[in-house]
Novice: 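Please read through the structure below; I'll follow up with questions.
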Amino acid sequence: MVSRYERIAAELRDDILGGVHPVGSQLPTESELAARYSAARGTVRQAVALLVAEGLVGSRQGARRIVLGHARSQSFAELHSFAQWARAHGYRFGGQVIGQRRRAATPAESARLGCAEVLEVLRVRSLEGEPVLVERTVYADWTAGAVERLPADCESVTEALRDSIGLVFAYGEHLIDAVSASAHDARLLGVRRGSPLLRQRRITTTHEGRPVEWSDDRYRAGSVEFSIRNSIGANPLVRQAGDLRFGA
């Protein structure tokens, strides 16, 4: 049986996709929607939360939310940073370093990055004013100093490193799976502990194949979706037991 909030969400979804609520406009307030649907504000809040999870509705402004109009989709056809992708799609985005430290590389990190010391950075990314992504990035020692000099709210590390030291992130290999939110991630993303998160792990290298970073990125469910375009002649998607591997 379809719940009341799901029926309200379905009607709002049809209105958004049909242009009744244009992209960039604000949804009516919770009170206005509650009156329109003769429903409790808590029910309306659940309906709107469902649309937020689908990427149809964005950040809160007072009691309103911005209409995005379509799901946020990120393609793996080209190597783009989170900031580059968000800017290209016209989203408001941001980033904030929560903590960083230099430390000895683990055996796995040493094998991936080819160094004995790394810089570990914990960063939270936002879209339309809402936290959507927790990044745990480990940088090779030869990039650590340049990364440490970046401001804590640097919007695009990729672009900043290119401009400051001429570093180009050229190739990436991505692993995609799902994990449950830890207590720490749940606090950072504003979700419940144990909520599903989409995890993307990646190793990035220069044109010459020199490893730059190893990152574990965890997206709040419904905040983005990833797309793959392939053909019978060229298929970058390789299915493996337990994960999906994307080769550049």
Side-chain angles (χ1 to χ4, degrees), residues 1-75 82-83 85-96 98 124-135 155 176-200 217-228:
M1 181 178 179
V2 179
S3 66
R4 177 66 170 145
Y5 82 87
E6 289 175 317
R7 289 197 296 271
I8 293 174
E11 291 188 36
L12 285 171
R13 185 184 302 110
D14 290 342
D15 285 347
I16 290 171
L17 297 178
V20 175
H21 301 300
V23 174
S25 67
Q26 293 181 328
L27 279 183
T29 64
E30 288 180 357
S31 296
E32 291 169 340
L33 291 172
R36 176 185 301 177
Y37 294 108
S38 300
R41 289 184 62 175
T43 302
V44 168
R45 194 171 299 121
Q46 285 182 289
V48 173
L50 187 58
L51 299 180
V52 170
E54 294 174 2
L56 291 171
V57 176
S59 70
R60 182 182 299 277
Q61 292 189 354
R64 295 173 182 262
R65 288 185 179 267
I66 302 297
V67 175
L68 299 178
H70 54 80
R72 301 158 175 161
S73 178
Q74 180 173 355
S75 173
F82 176 86
W85 165 77
R87 185 184 298 115
H89 286 75
Y91 298 129
R92 287 190 300 114
F93 63 94
Q96 184 66 45
I98 305 301
V124 174
R125 298 286 189 177
S126 64
L127 275 180
E128 298 297 323
E130 297 182 338
V132 297
L133 166 62
V134 174
E135 292 179 343
E155 290 186 343
I176 307 294
D177 62 4
V179 296
S180 298
S182 65
H184 191 201
D185 287 349
R187 287 194 299 271
L188 293 175
L189 293 174
V191 299
R192 292 184 177 181
R193 181 178 180 179
S195 297
L197 303 179
L198 177 65
R199 180 172 67 173
Q200 176 198 190
D217 301 342
R218 303 188 182 198
Y219 292 83
R220 196 183 70 205
S223 59
V224 301
E225 62 183 27
F226 293 105
S227 67
I228 294 292

Novice: Between Leu133, Leu127, Val134, which is the residue that forms a side chain to side chain contact (heavy atoms under 4.5 Å, CB included) with Tyr219?
Specialist: Leu133

Novice: Can you tell if the side chain of Gln46 reaches within under 4.5 Å of the side chain of Ser3, non-hydrogen atoms only?
Specialist: no

Novice: Under the rule for side-chain hydrogen bond (donor to acceptor under 3.5 Å, both in side chains), what residues qualify as partners of Glu135, not counting sequence neighbours?
Specialist: Arg123, Arg125

Novice: Check side chain to side chain contact (heavy atoms under 4.5 Å, CB included) between Ser180 and all other residues, then give those that pass, not counting sequence neighbours.
Specialist: none

Novice: Can you measure from CD (Gln96) to OG (Ser126) and round to the nearest 0.5 angstrom?
Specialist: 9.5 Å

Novice: State which residues pass side-chain hydrogen bond (donor to acceptor under 3.5 Å, both in side chains) with Asp185; sequence neighbours excluded, sorted by chain then number.
Specialist: Arg136

Novice: By side chain to side chain contact (heavy atoms under 4.5 Å, CB included), which residues pair with Ala39, not counting sequence neighbours?
Specialist: Arg4, Ile8, Tyr37, Thr43, Val44

Novice: Under the side chain to side chain contact (heavy atoms under 4.5 Å, CB included) test, which residues partner Glu155, sequence neighbours left out?
Specialist: Arg87, Phe93

Novice: Is any side-chain heavy atom of Arg220 closer than 4.5 Å to a side-chain heavy atom of Glu130?
Specialist: yes

Novice: If you take all heavy atoms of Ala40 and Ala34, which pair is closest and at what distance?
Specialist: C-CB, 4.4 Å

Novice: If we only count heavy atoms from C-beta on, is the Val57 to Leu27 side-chain gap below 4.5 Å?
Specialist: yes

Novice: Please tell me if the side chains of Val48 and Leu33 come closer than 4.5 Å, counting only heavy atoms from C-beta onward.
Specialist: yes

Novice: If you look at every heavy atom in Val179 and Arg218, which pair is closest and at what distance?
Specialist: CG2-NH1, 3.9 Å

Novice: Calculate, to the nearest 0.5 Å, the distance between atoms CD and CZ belonging to Glu11 and Arg36 respectively.
Specialist: 9.5 Å

Novice: Which atom pairs, one a donor and one an acceptor, fall under 3.5 Å between side chains of residues 191-199 and the rest of the protein, sequence neighbours left out?
Specialist:
{"residue": "Ser195", "atom": "OG", "partner": "Arg192", "partner atom": "N", "Å": "3.3"}
{"residue": "Ser195", "atom": "OG", "partner": "Arg192", "partner atom": "O", "Å": "2.7"}
{"residue": "Arg199", "atom": "NE", "partner": "Asp177", "partner atom": "OD1", "Å": "2.9"}
{"residue": "Arg199", "atom": "NH2", "partner": "Asp177", "partner atom": "OD2", "Å": "2.6"}

